[in-house]
Protein chains: 2
Amino acid sequence: MPPRERATSLKDIAQALDVSYSLVSKVMGGNMGNTRARPEVVQAIQAKAREMNYQPHPLAGALKRGRKGAVGVLIHAMGEEGTEIASNLLRGISAGFDEHRLRLWLRFFESDDEFLEHFDKRARYDMDGVIVAGIAHPATFELIKKLHASGLPVVSVLEGSVIPEVANVMPDVQHQGYLATDHLLASGCKRIAHLVTTSAADPETSRRYRGFLAAHTRHGISPDPDLIFRAPNYKLSSGEEAVRQWLAQGLQFDGIVAQSDHQAIGAIHELLRRGIRVPDAVRVVGVDDSPLCLASPVPLTSVTAEWVTVGRHAADMITAEIDGERPASLMIAPHLVVRRSSTLQPQP
Amino acid sequence: MPPRERATSLKDIAQALDVSYSLVSKVMGGNMGNTRARPEVVQAIQAKAREMNYQPHPLAGALKRGRKGAVGVLIHAMGEEGTEIASNLLRGISAGFDEHRLRLWLRFFESDDEFLEHFDKRARYDMDGVIVAGIAHPATFELIKKLHASGLPVVSVLEGSVIPEVANVMPDVQHQGYLATDHLLASGCKRIAHLVTTSAADPETSRRYRGFLAAHTRHGISPDPDLIFRAPNYKLSSGEEAVRQWLAQGLQFDGIVAQSDHQAIGAIHELLRRGIRVPDAVRVVGVDDSPLCLASPVPLTSVTAEWVTVGRHAADMITAEIDGERPASLMIAPHLVVRRSSTLQPQP
DNA sequence: CTGAAAGCGCTTACAG
DNA sequence: CTGAAAGCGCTTACAG
């Protein structure tokens with residue numbers, strides 16, 4: 001195995017052109033300060049850099065700037081397994097850092113405890129910032145507040161931007177609920193059942209539910225309150241349980257808007273077990289457009305969550321935050337992916 | 001937001017104890033060279049470091065050692081979506097780096113092209129090593145050979161350690177096939193159908209198939225060659241197609257060993273559509289123990305792939321490789337997770 | 001036995 | 001208009 005060639009450094013370029021390497025640094029960094037170099041020198045430097053395939057050493061700059069070169073990513077139980085939410089989010093974050101040519105090290109924490117245990121001892125001196133993603137428990141808010149108060153740059157990826165000082169990026173969940181419901185109403189459903197999933201006591205706090213209501217308003221239809229099932233979580237079992245309850249109460253319904261693909265598939269399982277055909281008798285829509293949609297007994301129509309895009313923005317935002325800027329919060333627009341579970345004619 | 005406190009540096013400790021910071025560096029690094037400091041000084045330094053909560057700056061050491069602080073991770077289409085293979089592998093890699101207190105930056109590449117496009121220009125001067133994971137296409141081997149020849153440390157995560165000079169870590173796929181088959185034979189199956197998935201012309205090259213054969217040998221049963229289906233991929237459709245073909249040929253079978261959870265679930269879908277009950281008439285086992293197992297119409301028995309553990313070892317190995325060592329290749333032992341698809345009495 | 005000094009590759013306030 | 005110099009936090013060959 002041959003020895004690896006050394007990468008080009010600022011000094012190599014400076015030497016080749018017989019200028020100081022400070023000048024080269026300024027030109028390459030686009031940060032001239034007082035310096036007003038002659039255009040021909042600037043161009044010569046840029047040309048030489050390209051010729052010698054110069055790549056700035058990622059560690060050196062960060063060290064000089066006082067960076068640690070690390071961003072922690074704390075991912076709470078996020079969506080159900082199999083939805084690849086965490087994976088897509090990380091992919092987006094990683095791509096975002098790459099775009100900035102930033103070399104930020106992702107450290108994954110799977111639990112608050114794991115994170116907090118190390119926070120005072122290590123993490124807070126060990127990283128430049130944190131991205132906190134996941135289900136918005138009250139405990140999560142406390143954690144974010146504490147991090148923010150400690151002076152560590154934080155970006156959150158949570159439903160509902162509840163801490164105004166902390167920049168947040170999320171899929172637009174209200175629009176998810178709207179798109180799913182609008183799709184069923186537009187295709188003729190009259191009585192749509194809905195699974196509301198929220199940790200709060202009041203279902204009204206669910207943004208997807210608000211989207212569900214908004215779509216009904218637009219179509220001039222009033223939803224039946226009895227068809228709103230308070231789901232304890234996003235799992236398959238919630239979907240099964242919802243269908244059991246609606247049927248036990250003798251309710252009629254021709255559509256189901258779930259709040260996760262798991263819930264939707266659980267509902268489909270239960271419907272099929274009862275001999276109720278999907279989509280012929282009941283049309284079903286999930287949320288996440290996860291790989292599970294195709295594993296479902298009937299391919300599942302779903303609304304995307306755009307986690308890769310969310311991750312990209314989270315990376316941009318934490319970078320800006322670390323640079324001392326104040327990035328604004330964002331909502332990412334979802335779209336509908338129609339499959340057989342919601343279409344009366346089989347898809348081609 | 002209060003200004004962040006500065007982290008303790010070597011100099012802070014040296015100043016507090018009135019020793020040189022070179023000495024502190026040597027003590028903290030456990031790298032004394034010629035230096036033979038008095039034990040009391042060493043202990044005083046260690047105590048002070050703990051007291052002042054010293055955390056070595058991750059960038060400084062790497063810069064000094066000539067590291068780039070980055071490891072590329074090239075993940076080929078790996079398993080089907082929804083299995084979270086990539087996610088688990090990354091989680092393991094990340095945890096492995098953390099354990100070494102290494103700050104290595106993961107850069108994900110989703111395709112060879114994406115990777116190669118940047119390789120000569122950037123990547124090879126830009127990172128300390130690469131982990132290549134995925135399906136072992138001939139093209140992948142070429143890529144790994146090229147990387148290795150270029151002098152860049154490489155660790156592969158591929159089925160079959162085909163390049164002896166390159167350290168490889170993988171789940172023990174032969175043992176996966178063995179465990180799945182042994183489980184069905186031990187519980188009374190006599191005629192087990194199998195999906196062989198291999199890019200090679202000869203099914204014998206499939207290690208899972210060899211495990212399948214080994215289990216039969218152990219139980220003194222000869223498998224029926226007609227029940228071996230050559231699957232083109234690991235998707236649901238392969239499982240459906242296999243069942244259709246076996247039934248069309250009028251073959252009898254009481255068990256199916258698939259080579260992925262998707263294949264197994266596809267087979268279950270097709271069996272149920274034909275009114276063949278699972279597990280009563282046919283018992284089914286998948287591979288990966290992915291979240292899909294619980295989304296299956298009948299909860300799926302599966303063999304684990306231990307991707308997190310594989311990732312941890314991949315991190316250890318690339319680190320050793322970068323440090324100039326020659327780590328040995330590894331196979332990680334799987335285990336069986338029994339669910340309803342393979343048990344005649346329903347699980348409690 | 002211990003420390004001063006050079007240097008990893010970069011940035012930037014400052015002097016000329 | 002340009003460059004010499006100090007310094008980010010560390011490591012290590014070398015001098016005392």
Side-chain angles (χ1 to χ4, degrees), chain A residues 4 6-45 49 52-70 101-103 125-128 322-323, chain B residues 4 6-45 49 52-70 101-103 125-128 322-323:
Chain A
R4 293 180 64 190
R6 202 174 59 73
T8 307
S9 78
L10 284 182
K11 276 185 186 158
D12 298 324
I13 299 176
Q15 223 156 26
L17 292 172
D18 204 34
V19 293
S20 78
Y21 69 91
S22 346
L23 221 212
V24 180
S25 168
K26 288 169 193 165
V27 170
M28 296 317 294
N31 192 345
M32 301 300 282
N34 297 327
T35 310
R36 298 271 77 216
R38 273 171 301 157
E40 66 231 59
V41 178
V42 171
Q43 273 169 23
I45 290 175
M52 299 181 76
N53 190 22
Y54 171 69
Q55 303 301 336
H57 190 117
L59 264 32
L63 175 62
K64 183 62 189 158
R65 291 198 191 91
R67 297 289 165 72
K68 299 303 169 68
R101 306 236 33 198
L102 275 173
R103 318 299 294 280
Y125 304 110
D126 218 33
M127 43 200 210
D128 300 317
I322 292 167
D323 287 341
Chain B
R4 292 181 66 190
R6 204 174 58 74
T8 308
S9 78
L10 284 182
K11 274 186 188 159
D12 298 324
I13 300 176
Q15 222 156 27
L17 292 172
D18 204 33
V19 292
S20 78
Y21 69 90
S22 346
L23 221 211
V24 180
S25 169
K26 288 169 193 164
V27 170
M28 295 318 295
N31 193 345
M32 301 300 283
N34 297 328
T35 309
R36 296 274 78 215
R38 274 170 301 158
E40 66 230 59
V41 178
V42 171
Q43 275 168 24
I45 289 173
M52 297 181 76
N53 189 22
Y54 171 68
Q55 304 300 337
H57 190 118
L59 263 32
L63 176 62
K64 183 64 188 156
R65 290 198 191 91
R67 297 288 165 72
K68 299 302 170 70
R101 307 236 34 198
L102 276 171
R103 318 300 294 281
Y125 304 108
D126 217 32
M127 43 200 209
D128 300 317
I322 292 167
D323 286 342

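Being a predicted model, the structure only gives us computed values, none of them experimental.
Of the two residues near DNA chain C, S20(B) and R65(B), the one whose nearest nucleotide lies more 5' is S20(B). Between G66(B) and V41(B), the residue whose closest nucleotide on DNA chain C is further toward the 5' end is V41(B).
Nearest heavy atoms, T8(B) versus Y54(B): O-CD1, 3.4 Å. Across K68(B) and H57(A), no two heavy atoms sit closer than the pair CD-CE1, 3.4 Å. What you find for A16(B) and M52(B) is that their closest heavy atoms are CB-SD, 4.3 Å. Looking at every heavy atom in both residues, L59(A) comes nearest to R67(B) through CD2-O, 3.3 Å.
Rounded to a whole Å, the CG atom of L59(A) is 22 Å from the P atom of dG7(D). The CG atom of D128(B) sits 13 Å away from the P atom of dG9(C) (whole-angstrom rounding). Per the geometry, CD1 belonging to I45(A) stands 10 Å off C1' belonging to dT2(D), to the nearest Å. One interatomic measurement links the two molecules: CD of Q15(A) to C1' of dG3(D), which rounds to 15 Å at whole-angstrom precision. Rounded to whole Å, atom P of dC10(C) lies 8 Å from atom CD1 of I13(A). What separates NE2 of H57(A) from C1' of dT11(C) is a distance of 14 Å, to the nearest Å. Distance CG (L10(B)) to P (dT12(D)): 12 Å, rounded to an integer number of Å. For the pair L23(A) CG and dC14(C) P, the computed distance is 19 Å after rounding to whole Å.
In this structure, CG on D323(B) lies 9.5 Å from CG on D128(B), to the nearest 0.5 angstrom. In this structure, CD1 in I45(B) is found 10.5 Å from NZ in K26(B), a value given to the nearest 0.5 Å. Note that CG of L10(A) is 12.0 Å distant from CD of Q15(A), once rounded to the nearest 0.5 Å.
Regarding contacts with the backbone of dC10(D), a side-chain N or O of Y54(B) is found under 4.0 angstrom from either OP1 or OP2. Phosphate proximity of dG3(C) to S22(B): absent, as no side-chain N or O sits under 4.0 Å from OP1 or OP2.
Candidate nucleotides dG3(D), dG9(C), dC10(C) were compared by shortest atom distance to the side chain of L63(B), and dG9(C) ranks first. For Y21(B), the listed nucleotide lying nearest its side chain is dC10(D); candidates were dC10(D), dG3(C), dA13(C). Counting only heavy atoms from C-beta on, A60(B) has its side chain closest to dG9(D) among dT2(D), dG3(D), dG9(D).
Within the nucleic acid shown, S9(A) comes within 4.0 Å of sugar-phosphate atoms alone, with no base atom in reach, counting heavy atoms only.
Residue K26(B) places a side-chain atom within donor-acceptor reach of the base of dG3(C), judged by atom type and a 3.5 Å distance cut-off alone. The base of dG9(C) has none of its N or O atoms less than 3.5 Å from a complementary donor or acceptor on the side chain of K64(A).
Secondary-structure stems of DNA chain C, taken as three or more successive Watson-Crick or G-U wobble pairs (i with j, i+1 with j-1) under a 3.5 Å distance threshold, comprise C:1-3 with D:14-16, C:5-12 with D:5-12, C:14-16 with D:1-3.
With sequence neighbours left out, K11(B) forms a side-chain contact (heavy atoms from CB on, under 4.5 Å) with S9(B), Y21(B).
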